[in-house]
Protein chains: 2
Amino acid sequence: MDAKISTQKSIGTKHSILDKTLEIIRGKWRLHIIYQIGTEVRRYGELRRMIPQVSEKVLIQELKSLMNLGVIEKKIYNEVPPRVEYALTSKGRQVLPILLKLTTVGEVFLK
Amino acid sequence: MDAKISTQKSIGTKHSILDKTLEIIRGKWRLHIIYQIGTEVRRYGELRRMIPQVSEKVLIQELKSLMNLGVIEKKIYNEVPPRVEYALTSKGRQVLPILLKLTTVGEVFLK
DNA sequence: TTTTTTACTAACCTCTTGGTAAGTAAGTCG
DNA sequence: CGACTTACTTACCAAGAGGTTAGTAAAAAA
């Protein structure tokens, strides 16, 4: 029985993996943001225009969180007016296909 | 340009599809619950024991929401003490593989 | 000189989500 | 009879998520 446990992930580990996933995708705007940055590098203002329902404050707040989680990264150009670009990190690019497939969930349940 | 739009989903549609997805998976416990019911039919008490961190109230509340969304269904047996079993609907079973793959997101970002 | 642009920050407030604690029905078991 | 079991409900609260509004820097354009 101990052998069985050692060959698979413990419940605790599975739990924390799921929680880490939720940390990333939970929240009203995270997936919207990731979807927009996923295809190509985006400036802050672009994102605002592409997801107009989100407030400025929350958009920046979520971009920060996604950066802290290592999903996206930002590049600041020393120009005036300022210019900032957001892109997926390599880890972000790694999980993008899975996240994109999530739309099929919505498709199934909208029918 | 109109032709282009008619051959692909409009932004509005994509948006509502994503929102429907989020309606299902957002929330602290939804995925935990789906993961447990996914493999086999579960009684309420079983779920409580398998996800001990969730409170009774919230577990029932989330089960109800998932039922209203058409993800799970419940079967009540006329016994005393009562017996209730929860199972995925066919739509639920349809999207389970995608939802299970979400753990790889957590795996990538835990490293 | 005033306005515009871009990417923010800060104060404040509301609404939603989730948690706690207690209670209920209706039989079985000791 | 009283305790136990299961699947709930209800009332009340605390925390968190998200929204609104106003303000900032710094240069270029009108």
Does dC8(C) have OP1 or OP2 under 4.0 Å away from a side-chain N or O of Y86(A)? yes
If you look only at distance, which donor and acceptor atoms sit under 3.5 Å apart when one is on a side chain in residues 72-84 of chain A and the other is two or more places apart or in another chain?
from   : atom 1 : to     : atom 2 : distance (Å)
Y77(A) : OH     : E85(A) : OE1    : 3.1
E79(A) : OE2    : R83(A) : NH1    : 3.2
R83(A) : NH2    : E85(A) : OE2    : 3.2

Sugar-phosphate atoms are those with a prime plus P, OP1 and OP2; base atoms are the rest. Using that split, label each nucleotide of nucleotides 21-30 of chain C B, S or - for protein heavy atoms under 4.0 Å, 5' to 3'. -----BB---
Name all residues meeting the side chain to side chain contact (heavy atoms under 4.5 Å, CB included) criterion together with L96(B); count only those two or more places apart in sequence or in a different chain, and write none if there are none. I34(B), L88(B), L100(B)
Show the numbers, then the answer: is there a side chain to side chain contact (heavy atoms under 4.5 Å, CB included) between I25(B) and L102(A)? CA-CA 10 Å; I25(B) 65 173; L102(A) 274 179; 4.1 Å; yes
Qualifying residues under side chain to side chain contact (heavy atoms under 4.5 Å, CB included), relative to R42(A), sequence neighbours excluded: Q36(A), I37(A), T39(A), E40(A), E46(A), L47(A), M50(A)
Using atom CD of E46(A) as one end and atom P of dT5(C) as the other, report the distance to the nearest whole Å. 16 Å
I need the CG-P distance between L22(A) and dT17(C), as an integer number of Å. 15 Å
Identify, with sequence neighbours excluded, every residue that meets salt bridge (Lys or Arg N to Asp or Glu O under 4.0 Å) alongside R48(B). none
Going hydrophobic residue to hydrophobic residue with side-chain gaps under 4.5 angstrom, can you get from V54(A) over to M67(A)? yes
Could you list the residues that satisfy salt bridge (Lys or Arg N to Asp or Glu O under 4.0 Å) with R30(A), not counting sequence neighbours? E62(A)
Test item: Q61(A) and K64(A) side chains (from C-beta on) under 4.5 Å apart, heavy atoms: no
Taking 4.0 Å as the cut-off, does a side-chain nitrogen or oxygen of R43(A) come that near to OP1 or OP2 on dT6(C)? no
For Q53(A), all residues meeting side-chain hydrogen bond (donor to acceptor under 3.5 Å, both in side chains), sequence neighbours excluded: H15(B)
Can you list, in residue-number order, the parts of residues 26-39 of chain B that come under 4.0 Å of DNA chain C, counting heavy atoms only? G27(B), K28(B), W29(B)
For DNA chain D, which nucleotides open and close the run of contacts to chain A, 5' to 3', at under 4.0 angstrom from a non-hydrogen atom? dG18(D) to dA27(D)
On DNA chain D, nearest-nucleotide positions of R83(B) versus V54(A): which is more 5'? R83(B)
Might you work through the side chain to side chain contact (heavy atoms under 4.5 Å, CB included) test for T103(A) and Y35(A), ending with a clear yes or no? CA-CA 11 Å; T103(A) 53; Y35(A) 279 29; 3.5 Å; yes
So do the side chains of Y86(A) and I33(A) get within less than 4.5 Å of each other, counting heavy atoms only? no
Have a look at R48(A) and say if it touches a base, only the backbone sugar-phosphate, or nothing, with a 4.0 Å heavy-atom cut-off. nothing
Between P on dA7(C) and CD on E79(A), what's the gap in Å once rounded to a whole number? 10 Å
Residues of residues 59-74 of chain A with any non-hydrogen atom less than 4.0 angstrom from an atom of DNA chain C: list those, numerically ordered, please. I60(A), K64(A), K74(A)
What residues, two or more places apart in sequence or in another chain, satisfy side chain to side chain contact (heavy atoms under 4.5 Å, CB included) together with V108(A)? K91(B), Q94(B), V95(B)
Decide yes or no for E107(A) and T21(B): does some side-chain heavy atom of the first lie under 4.5 Å from some side-chain heavy atom of the second? no
